[in-house]
Q: 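Got a structure here, written out as structure tokens. Questions coming.
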Protein chains: 2
Amino acid sequence: MAMAKKSTLVLVAERAGVSIASVSRVLNGLPASDRVVESVRAAARDLGYVPDATARSLKVGKTEQVALAVADVGNPVYVAMMHEISRVIAKDGYRLVLSSTGGAAQDEIDLLDNLNRGFADGLILSPLRVTDDLVARLRESRLPIVIIGSLPDGVELDNVRADSVRGVGLAVKHLAKQGRRQIAFINGPIDTVPGAARLGGYLRAMAKRELVVHPDAQVYASDFTFKAGLEAAESLISQFTPDAIVCANDLLAVAAMKVITRRGLSVPGDIALVGMDDTDIAELANPSLTSVNLGSVARARAAAKLLLRRLNDPGAPVKQIVIEPRLTIRESSIGPAQAATS
Amino acid sequence: MAMAKKSTLVLVAERAGVSIASVSRVLNGLPASDRVVESVRAAARDLGYVPDATARSLKVGKTEQVALAVADVGNPVYVAMMHEISRVIAKDGYRLVLSSTGGAAQDEIDLLDNLNRGFADGLILSPLRVTDDLVARLRESRLPIVIIGSLPDGVELDNVRADSVRGVGLAVKHLAKQGRRQIAFINGPIDTVPGAARLGGYLRAMAKRELVVHPDAQVYASDFTFKAGLEAAESLISQFTPDAIVCANDLLAVAAMKVITRRGLSVPGDIALVGMDDTDIAELANPSLTSVNLGSVARARAAAKLLLRRLNDPGAPVKQIVIEPRLTIRESSIGPAQAATS
DNA sequence: AGGCTATCTGTAAACGTTTACAAGAACGTT
DNA sequence: AACGTTCTTGTAAACGTTTACAGATAGCCT
């Protein structure tokens, strides 16, 4: 079989002895006489005809592509989301275009400008930082956008969010139940949406249980990465010895785990550990990591479905979905604290 | 600012009082008089004009998109590759379209058919299993394809591969130098390209050092996943106690680590561990994992550049690149084996 | 048989660009 | 002043589809 030459509707029409309109109709399953259907099918098969996606897109105004923009492709939680979104939209014949932004709000704005070129029919965006400017641009965008993550109050955009506040609450509650009292918190950057929410959740949960928040019990990693987590954990442990740590993310938690064992302390014996996001990493960790499942996959699925709905029905009312967190308990947090040296 | 209405060349031309050809030329930086340039720029700005990507694609026959198909999006090594490819091609103005195949050869063939619809200008493919049929289809494809991974001899396609055989060799050599003698091997499925290569590398390296391969010292995981790794490691350890294990992949290695410590043995005290791919996971593992760096990122970059080269120059000679492996030594393999019970 | 409807098919326009071509303007040269 | 260059601009065709519309053909009813 020779390298397939590009063949068009015109070629097929000639070979089948019909007009291009008939070819198009047959190939799209519109009604036609048996005679025409057969000759077109045969001609198309013989020529190895495949319709051109670009031409079709131009004519029908749909690209069959959905863009996904996440801040940090390195974070396993985004990988899981990407995977799920890809799966859901593929069922409706959409492809996934990846637009990795750097996490800076400006990148996301650039992306929006770009989107208006019309290379995708819709966008799923998970911004780390939400500026007023970004919100304004999102509002005036011509094409459907679904946001994964929290938005400022009153912003009416399709949106799927996790309940981070309750999520951190679950972690604190669980640790308190295990008898832990000195519960520290390793957060990510406080100027990000998740960072801010998780801090709020921590403070609220501690207050609710009348647990005292030691002044040195909170640190911020400069980033939601493992490396930043190592530094943050070092700085925490060197100032204060908690009997439990809640981490804003699994990567930070795994980093803390490493710092703790490196100091000769044990998890959960000396310090119990809870992460967030419940990514694959939590399962791999040794000991395995208790983690707050913020429903990443569920959020991804919901976002994808929301976008599909809007693509099919642009006038549908705005929908905002909150996914409830669950706690996945693993080895890193179970059992009471070991008695100290004594 | 109202929601930007879609504006076309025609609108801009009217407002600027010139022909659409002039508008197109100005916007593409072709020579024009100052008067025209200015009025077009102004009109375009006022109308918030953005050119339509689809129409442009149809006309110039380029989509500015590159498709990436990998077998398993869950594997961190692919995530790293994806990231790097995205970075490299973005510099040349290309977008990345993700096509996750299931790893079955058929999926990849379907993908190729799909590609002929012309939604992308080129493809980077990393097949897990390479069948004759797949090779045939790759050969006759109309658009540029770069393969990441090994191909059967004599297949002339742009290709970037790792030297798995030498890679496993590095691992065995390192372990032997540390005084380990009972070196076991946890492989992935043997019918995959990497599985086959890594097995060959193991056997060769063991033979070269006159190390005896105990009949129970090799197991195959059903998959390159953590879960399959747990089972494989269990089955290995329950039959045979090695003093070192080489794993075909980091996920398998981390699984082995877990099984080992769960049995009360220590890494590297009792059993030294070496993974492959040198993914982020190796760094996160506790103890951190020595891993054979098969140059995933380098391969990704090379593949992306190869594809860009071919897009710019379709007639360029076929190039096959081999990336040399390096060993990244971490905690899981250093030091001699602990004396047993005695 | 006439007319009405239903079904099928072809003609042609349209989607929004890029670009070959030709016409026109500006300018220097002899 | 006539001519050749060079530069700028507009006209129109083209990319490969889909689809509105109208003809044509056939079927049905009265």
Q: Round to the nearest Å and state the distance from B:Asp34 atom CG to D:dT8 atom C1'.
A: 12 Å
Q: Counting side-chain heavy atoms from C-beta on, which of C:dT17, D:dT17, C:dG10 comes nearest to A:Ala55?
A: D:dT17
Q: Calculate the interatomic distance between B:Arg56 atom CZ and C:dC15 atom C1'; express it in whole Å.
A: 17 Å
Q: If you pin B:Ala32 and A:Thr8 to their nearest nucleotides in DNA chain D, which one's is more 5'?
A: B:Ala32
Q: The side chain of B:Arg25 is closest to which nucleotide in this list: C:dT18, D:dG16, D:dG10?
A: D:dG10
Q: Once salt bridge (charged side-chain N to carboxylate O under 4.0 Å, His left out) is applied, do any residues pair with A:Arg25, and if so which ones, sequence neighbours excluded?
A: none
Q: Using the side-chain heavy atoms of B:Ser24, tell me which of these nucleotides is nearest: D:dT18, C:dT18, C:dT17.
A: C:dT18
Q: Quick check for you: among C:dT17, C:dT9, C:dT11, whose closest atom lies nearest to any side-chain atom of A:Ala21?
A: C:dT11
Q: Looking only at the side chain of A:Pro31 (C-beta and beyond, no hydrogens), which of the listed nucleotides C:dT18, D:dA20, C:dC8 gets closest?
A: C:dC8
Q: Where the side chain of B:Tyr49 is concerned, which of C:dT19, C:dT17, C:dT9 is the nearest nucleotide?
A: C:dT17
Q: For the base of C:dG16, is there a side-chain donor-acceptor partner from A:Arg117 under 3.5 Å away?
A: no
Q: For A:Arg310 and A:Asn312, does a side-chain donor sit closer than 3.5 Å to a side-chain acceptor?
A: no
Q: Is it the case that over 12 heavy atoms from other parts of the model lie below 6.0 angstrom from the CG atom of A:Asp132?
A: no
Q: Mind calculating the distance between CG (A:Leu58) and P (C:dA13) to the nearest angstrom?
A: 17 Å
Q: Can you figure out which of C:dT17, C:dT9, D:dG10 approaches the side chain of A:Ser22 most closely?
A: C:dT9
Q: Round to a whole Å and report the spacing from CG of A:Asp52 to C1' of D:dA14.
A: 14 Å
Q: Within this structure, what is the CD1-to-P distance between B:Ile20 and C:dA20, rounded to whole angstrom?
A: 15 Å
Q: With sugar-phosphate meaning primed atoms plus P, OP1 and OP2, does B:Val10 contact a base, only sugar-phosphate, or nothing at under 4.0 Å between heavy atoms?
A: nothing
Q: Picking from C:dC8, D:dG10, D:dT17, which would you name as closest to the side chain of A:Lys59?
A: D:dT17
Q: Rounded to whole Å, how long is the line connecting atom CZ of B:Phe119 with atom C1' of D:dG16?
A: 18 Å
Q: Whole Å only: how far is the CG atom of A:Asn116 from the C1' atom of C:dG16?
A: 15 Å
Q: What is the distance, to the nearest angstrom, from the CG atom on B:Leu9 to the C1' atom on D:dA12?
A: 15 Å
Q: Quick check for you: to the nearest 0.5 Å, what is the distance between B:Thr63 atom OG1 and B:Arg56 atom CZ?
A: 11.5 Å
Q: Does a side-chain N or O from A:Thr54 land closer than 4.0 Å to OP1 or OP2 of D:dT17, or not?
A: no
Q: Please assess A:Gln65 against B:Gln65 for the test side-chain hydrogen bond (donor to acceptor under 3.5 Å, both in side chains), listing each intermediate value before the final yes or no.
A: CA-CA 11 Å; A:Gln65 296 191 151; B:Gln65 296 190 152; 2.9 Å; yes
